[in-house]
S.K.: 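Below are the structure tokens for one structure; questions will follow.
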Amino acid sequence: ETGHLTPSALGVTFVPGKLGMAVSLDMYAWIRIQDTPLLDEAAVTMEAWIRPTSYPMSSGGRKVIWETDSSYWMALVTHGELQCQDSRTGFGTILLGGWTHVACTVGNGGSQSFINGVPKAQSTLGIFGTSTDGAGIGGGPTGGWPFIGEIDGLRIYRGVRTPAEICAAAGRTDCQ
């Protein structure tokens with residue numbers, strides 16, 4: 001069973017990506033997923049290949065890769081940081097114009113971010129409540145916080161994947 005995808009009216013196109021066809025988003029585009037009990041999980045792993053073309057313009061801004069009604073999210077924030085819940089990877093970890101594998105695990109023990117299969121920042125914050133507005137790809141479920149660039153291979157897994165599984169998904173061969 002899957003949610004229903006409803007693209008916004010403008011700006012959603014598909015282009016050759018890292019793994020196949022990537023969704024290409026501009027500042028007016030996002031994909032909304034209607035609310036479903038499938039979004040209400042106790043632990044998740046979010047993974048994607050991203051190729052951003054801009055960073056947020058303000059220090060409090062973010063460019064959402066995936067957000068489930070503020071329950072769990074993965075976003076690009078100021079200066080190329082990946083944010084999962086409240087953990088941030090650090091200045092300049094995601095470059096503009098190139099493909100980067102990003103992943104976030106969120107569960108009982110908090111959250112952790114991964115860049116190109118390498119564990120980065122951790123947080124004690126887990127999932128915040130349950131979804132009521134659905135989810136968004138490239139923006140919040142009701143719009144806002146637009147991701148500008150391309151997203152390919154987005155996967156949302158039930159449960160927390162291991163660092164070795166995330167490393168392998170990033171295409172690395174040195175995973176342990």
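Note that these values count all heavy atoms, side chains included, but never hydrogens, waters or copies made by symmetry.
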S.K.: For Gly117 and Ala170, work out which heavy atoms get closest and say how close.
M.R.: N-CB, 3.5 Å
S.K.: Side chains of Val77 and Tyr55: does their closest heavy-atom pair fall under 4.5 Å?
M.R.: no
S.K.: Between Arg155 and Glu47 (salt bridge meaning N to carboxylate O under 4.0 Å), is one present in this structure?
M.R.: no
S.K.: Quick one, Ile151 with Ile65, criterion side-chain contact (heavy atoms from CB on, under 4.5 Å). Give me CA distance, side-chain angles, the key distance, then yes/no.
M.R.: CA-CA 8 Å; Ile151 301 173; Ile65 301 161; 4.2 Å; yes
S.K.: Does a side-chain heavy-atom distance below 4.5 Å link Leu96 with Thr53?
M.R.: no
S.K.: Counting N and O atoms only, with roles assigned by atom type, does the side chain of Glu67 sit under 3.5 Å from a partner on the main chain of Val64, one being a donor and the other an acceptor?
M.R.: no
S.K.: Can you name the one residue among Val44, Thr45, Val160 that meets side chain to side chain contact (heavy atoms under 4.5 Å, CB included) with Val106?
M.R.: Val44
S.K.: Got a second to check how far Phe147's CZ is from Arg62's CZ, nearest 0.5 Å?
M.R.: 14.0 Å
S.K.: Is it true that a side-chain atom of Thr162 and a backbone atom of Glu165 form a donor plus acceptor pair closer than 3.5 Å?
M.R.: yes
S.K.: With rounding to the nearest 0.5 Å, note down the distance linking CD in Glu81 to CD in Gln83.
M.R.: 8.0 Å
S.K.: Identify the two heavy atoms, one from Cys84 and one from Ala103, that lie closest to each other, and give their separation to 0.1 Å.
M.R.: SG-O, 4.1 Å
S.K.: Transitively linked via ILVMFWY side-chain contacts under 4.5 Å: Leu19 with Leu154?
M.R.: no
S.K.: Glu150 and side chain to side chain contact (heavy atoms under 4.5 Å, CB included): which single residue from Trp49, Trp99, Phe14 fits?
M.R.: Trp99
S.K.: For residues Val118 and Arg172, determine if any side-chain heavy atom of one lies less than 4.5 Å from a side-chain heavy atom of the other.
M.R.: yes
S.K.: Any side-chain heavy atom of Ile94 sitting closer than 4.5 Å to one from Val102?
M.R.: yes
S.K.: In this structure, would Tyr157 and Phe114 fall into the same cluster of hydrophobic residues linked by side-chain contacts under 4.5 Å?
M.R.: no
S.K.: Looking at CE of Met46 and SG of Cys104, how far apart are the two atoms once the value is rounded to the nearest 0.5 Å?
M.R.: 4.5 Å
S.K.: Enter the distance from His101:NE2 to Cys167:SG here, rounded to the nearest 0.5 Å.
M.R.: 9.5 Å
S.K.: As an exercise, state the distance from CG of Asp152 to CE of Met21, rounded to the nearest 0.5 Å.
M.R.: 9.0 Å
S.K.: Does Tyr72 reach the side chain of Trp66, with side-chain heavy atoms less than 4.5 Å apart?
M.R.: yes
S.K.: Is there side-chain contact between Trp145 and Lys63, with heavy atoms separated by less than 4.5 Å?
M.R.: no
S.K.: Taking C-beta and beyond as the side chain, do Leu82 and Lys120 meet within less than 4.5 Å on heavy atoms?
M.R.: no
S.K.: Heavy-atom distance under 4.5 Å between the side chains of Ile137 and Ile33, does that happen here?
M.R.: yes
S.K.: Between Ile50 and Val15, is there shared hydrophobic-cluster membership here, with clusters defined by ILVMFWY side-chain heavy atoms closer than 4.5 Å?
M.R.: no
